[in-house]
Every structure is written in structure tokens, then in C-alpha cells.
Protein chains: 2
Amino acid sequence: MARPRQFDEATVLAAVRDQFWTTGYAATSLDDLLRVTGLGKGSLYAAFGDKRGLYLRVLGDYVDATHGALRALLADSPRAIDGLRRYLTAPAQDPSGADALRGCFLVNSTSELAAADADVLSLSRNAFEERGNILAEAVARAQREGDLSTGTDPQQAARAIVTAQQGIVFMGRTGLDVTELRSVAETLADQILS
Amino acid sequence: MARPRQFDEATVLAAVRDQFWTTGYAATSLDDLLRVTGLGKGSLYAAFGDKRGLYLRVLGDYVDATHGALRALLADSPRAIDGLRRYLTAPAQDPSGADALRGCFLVNSTSELAAADADVLSLSRNAFEERGNILAEAVARAQREGDLSTGTDPQQAARAIVTAQQGIVFMGRTGLDVTELRSVAETLADQILS
DNA sequence: ATTATGGTGGACCGAACGGTCAAGAACTTG
DNA sequence: CAAGTTCTTGACCGTTCGGTCCACCATAAT
């Protein structure tokens, strides 16, 4: 070892993620990243590689974190149906509407890059498949707990829930009032979680 | 009048729209636009102004066209409920999956620019509000025709339908298999249109 | 204290960007 | 045919882009 790093890796990655999250990949310049991280070009490149590599890194971290958060949310719900409803309506919970306008980093990434970048496409596809799997377990539990009809395939129901949530996430990005967004989310939850 | 234009305006605008649609705003260079239109810089600028103006122009045209197509779809449905279902499942109809991967130009635009461009944001917000209004009429008709419960507010139900469709559009962009996408769309339609 | 090693910061690079402009071509009008 | 007008073409401009590189610095090992 020689000179130690003068920055905290997790802090830097979080700042990078937030910048990419709010302004997207193409519209984020290296100077933007240097500004929000406080690092010089040399440090950033030596530590994380080029812009695209850095992007994929923070995006992958984000996906892992959301999977963990979702698992925790569902596990912490005594009744699975409540966890599913919380998942579905989560994008409409911030009263300020700021979270809704910002959307989901993975969704934004998919929208911007999936059609042009095979790595982002497969990452996105795998992430949503995994999310469906996580939710499918909760759906099965909700069925066992008598809160959800056993007529439908858990996997299928989970995919419908994921899909509906992405719709809510997107409508938040259009600037729809949070109160209306929440109302829509509750309506959809009533129709889907029954 | 003097020298007449050597290009067809509608053809050029369609080519520009398709380019922006598939590669987004930032990732589309002027050279890309010149290539797909066959025009020189001077012609393009003289006819349509700068890149952003051109983008807003084709996006506005697109929104108008989709509103017209939606009105036609609903009007052409003897029973409103069928039109609503067709609207909801439309993003999953292309067997090749190409349309699904491409998504919706307005959705892509909103995802990329709404957070940073107030004009795009209000255009998007207004467009989806208008779409909700169009669908609300069809919901009311479906209620009168006895195909939809009269218990729910048409406006509210319409917003739920719009939201669900955006979820389907997005899942298509993740590369989800078209057959699975269609299955999800049908599941959601069953749950929402009842 | 000296040396080795990795970190830092910024100058620097070629390429690509959006946008301007002038010269000439193609048409209409008289 | 001549004059006037619009459109077309592409050279050109300043800026910004992502990325490289190197001189310098701070630490650990000896």
C-alpha cells in the first residue's frame, strides 16, 4: 500500500448514481460527475474505469439494493397482501411528488439505453424477472393466507403487479399530481390484489 | 415563389420522428438526422429550426396522431369495452416484439426529458390527461352498455387503464417475451375491465 | 531518511457536437 | 432572356465531449 484514497467509495458511487438517475446517461457529462463527487478525472478513471463502466456499476448496485429492499419489505409484512399493496403503491407515497418525478433509476436506464445497449437490456430484463420471482413468493403466501384467489398462477399475478407498478412509476414522471397518482395506485391495487 | 423544396415535409418529419423515437433526443446527432432525411444542414434548419424545435414539432405531431388514432379505435368499437381492451393490450400485439422494444415515442420522450425540460413535461402531462379524458368517455359508454360496473368514476377508471397500459409498454422495453407480455396484458385487462 | 507505490489534479488531445453562413443552383416572374 | 427569390450544399466555427497522460503528492515499507 501507498497513499490511501482520499474519498469514500460508497459516497462517491451514491453521488454518481444520483446524478445519472436525475439526468440520465447521455446528458450527464464527466464534468458533472467530477463536480458531484469532488474527484479529479484521474482518480475517477483509476478507481472505476470509464463513464459506461461506472454507469453499469452503479446501476448494478442499485438493482441489488432494490431487490434487497423488496425482500425486506415483503418479509416485514405479517400478511403478504399488505406487502404487495405497499409495493404497488410505493411510487405514489412521497407527498412532495419529488420521488415520483424522479422515477426509478432502473426504469429510466431501461428507457434510455435498453434499445441501444445489449448489456443494459439484459440487466433490465433479468432484474424485472427476478423482481417477479420475489413477488411471486409473496403472492403464493398471500394465497395461503387466504387473501388472494388461488385461481391464478402466482408467477403470472406477480408479473401483473410488477407491470402495474411500472405504470404508476411512469405516470409519476408525467407530473401527474401526487394525490391523483396515489388514487390511481389505490384503484389499481384494489383491482389487482383481490 | 422561387425554387421549390426538393423534399416532402411529411416524409422528412416522419423520418426525423422515427430516428428520435428509436435513439432518443440526446443520442441523436444532427448528422443522424441529415442521414435519415437526406437533407443538408441548411435545408433542415431553414425549414424546421434547431434540433430541439424539430424534436418538439415531431413529438407534438405524434401526440396529435395518437389521440386521433385512439378516438378512432374507440369509435370503431361497437361495444366500448372491446375498444378499451384493445387499447390496453395493443402494446403487446406485434408478434415480432419489435414494436414492444421500441415502445412509445411519447413515453420515451417523457422518460428522457420531462425531468429536465419543462416544455416536454407539460406536453406529456397534458397528453396523458387528454388521453384519460378520451378513455373516460369510452368507460362511461361501457358502463351504459352494461359491460362495466357503474360503481367507479369513469375518469378514475380511465386513469387506471392509462396507467396500466404504460406499465405494459414499459415491460415491453425490458425485452420481456411478447407471449408473456401479451399474457400479462390480458391478465391486467381481465382485472381492470370488469 | 530513503525508496517504492499508489493516488491526485489538471493540462492536454482528437473527435464529435450543434449551429452559422455564403456561394451557387433551381425555379418563378416579367 | 434577365432579374429576383428561395432552396441547397458543405465548408467552417466555437464549444464540449470522453478519455489519456504525466508531473506531483502522500503514504507505507525498509
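Just so you know, these numbers use all the heavy atoms, side chains as well, and skip hydrogens, waters and symmetry mates. Every chain is numbered from 1, with letters handed out A, B, ... down the list of sequences.
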Salt bridge (Lys or Arg N to Asp or Glu O under 4.0 Å) partners of A/R173, counting only residues at least two apart
none
Salt bridge (Lys or Arg N to Asp or Glu O under 4.0 Å) partners for A/E130, two or more places apart:
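Testing A/E130 for salt bridge (Lys or Arg N to Asp or Glu O under 4.0 Å), a comparison that skips the adjacent residues, returns A/R71.
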Listed partners of [X] passing side chain to side chain contact (heavy atoms under 4.5 Å, CB included), at least two apart:
X: A/A10; result: A/D8
X: A/T152; result: A/Q143, A/A157
X: A/R102; result: A/D18, A/W21, A/T22

If I take atom [atom1] in residue [X] and atom [atom2] in nucleotide [N], what distance separates them, rounded to the nearest angstrom?
X: A/R3; N: D/dT27; atom1: CZ; atom2: C1'; result: 8 Å
X: A/E9; N: C/dT8; atom1: CD; atom2: C1'; result: 16 Å
X: A/Q6; N: D/dC25; atom1: CD; atom2: P; result: 13 Å

Roughly how bent is the helix from C/dA1-D/dT30 to C/dG30-D/dC1 end to end, in steps of 10 degrees, with each end axis from five pairs?
0°
Under 4.5 Å side-chain linkage, directly or through intermediates, the cluster mates of B/L121
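Besides B/L121, the hydrophobic cluster comprises A/L101, listed by chain and residue number.
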Residues sharing A/V36's hydrophobic cluster, by side-chain heavy-atom contacts under 4.5 Å among ILVMFWY, directly or via others?
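Result for A/V36 is none, singleton.
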Verify whether one side chain among A/E112 and B/N108 offers a donor that lies under 3.5 Å from an acceptor in the other.
no
Between B/T174 and A/S124, do the side chains contain a donor N or O and an acceptor N or O under 3.5 Å apart?
no
Residues in residues 49-60 of chain B with a heavy atom under 4.0 Å of DNA chain C, by number, are B/D50, B/K51
Residue-level proximity of residues 13-31 of chain A to DNA chain C when a heavy atom falls under 4.0 Å
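The answer is none.
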Report the distance from atom CD1 of A/I161 to atom CG of B/L188, rounding to the nearest 0.5 Å.
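Between A/I161 CD1 and B/L188 CG, I get 9.5 Å after rounding to 0.5 Å.
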Could you list all the side-chain hydrogen bond (donor to acceptor under 3.5 Å, both in side chains) pairs where at least one residue sits in residues 37-49 of chain B, not counting sequence neighbours?
none
OP1 or OP2 of C/dG7 under 4.0 Å from side-chain N/O of A/R5
yes
A/V120 reachable from A/F20 in the ILVMFWY side-chain graph, under 4.5 Å edges
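Yes.
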Above 12 or not: heavy atoms from other molecules or residues under 6.0 Å from CD of B/E137?
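No.
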Give the residues of residues 33-48 of chain A touching DNA chain D, defined as any heavy atom closer than 4.0 Å, sorted by residue number.
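Here the set is A/K41, A/G42, A/Y45.
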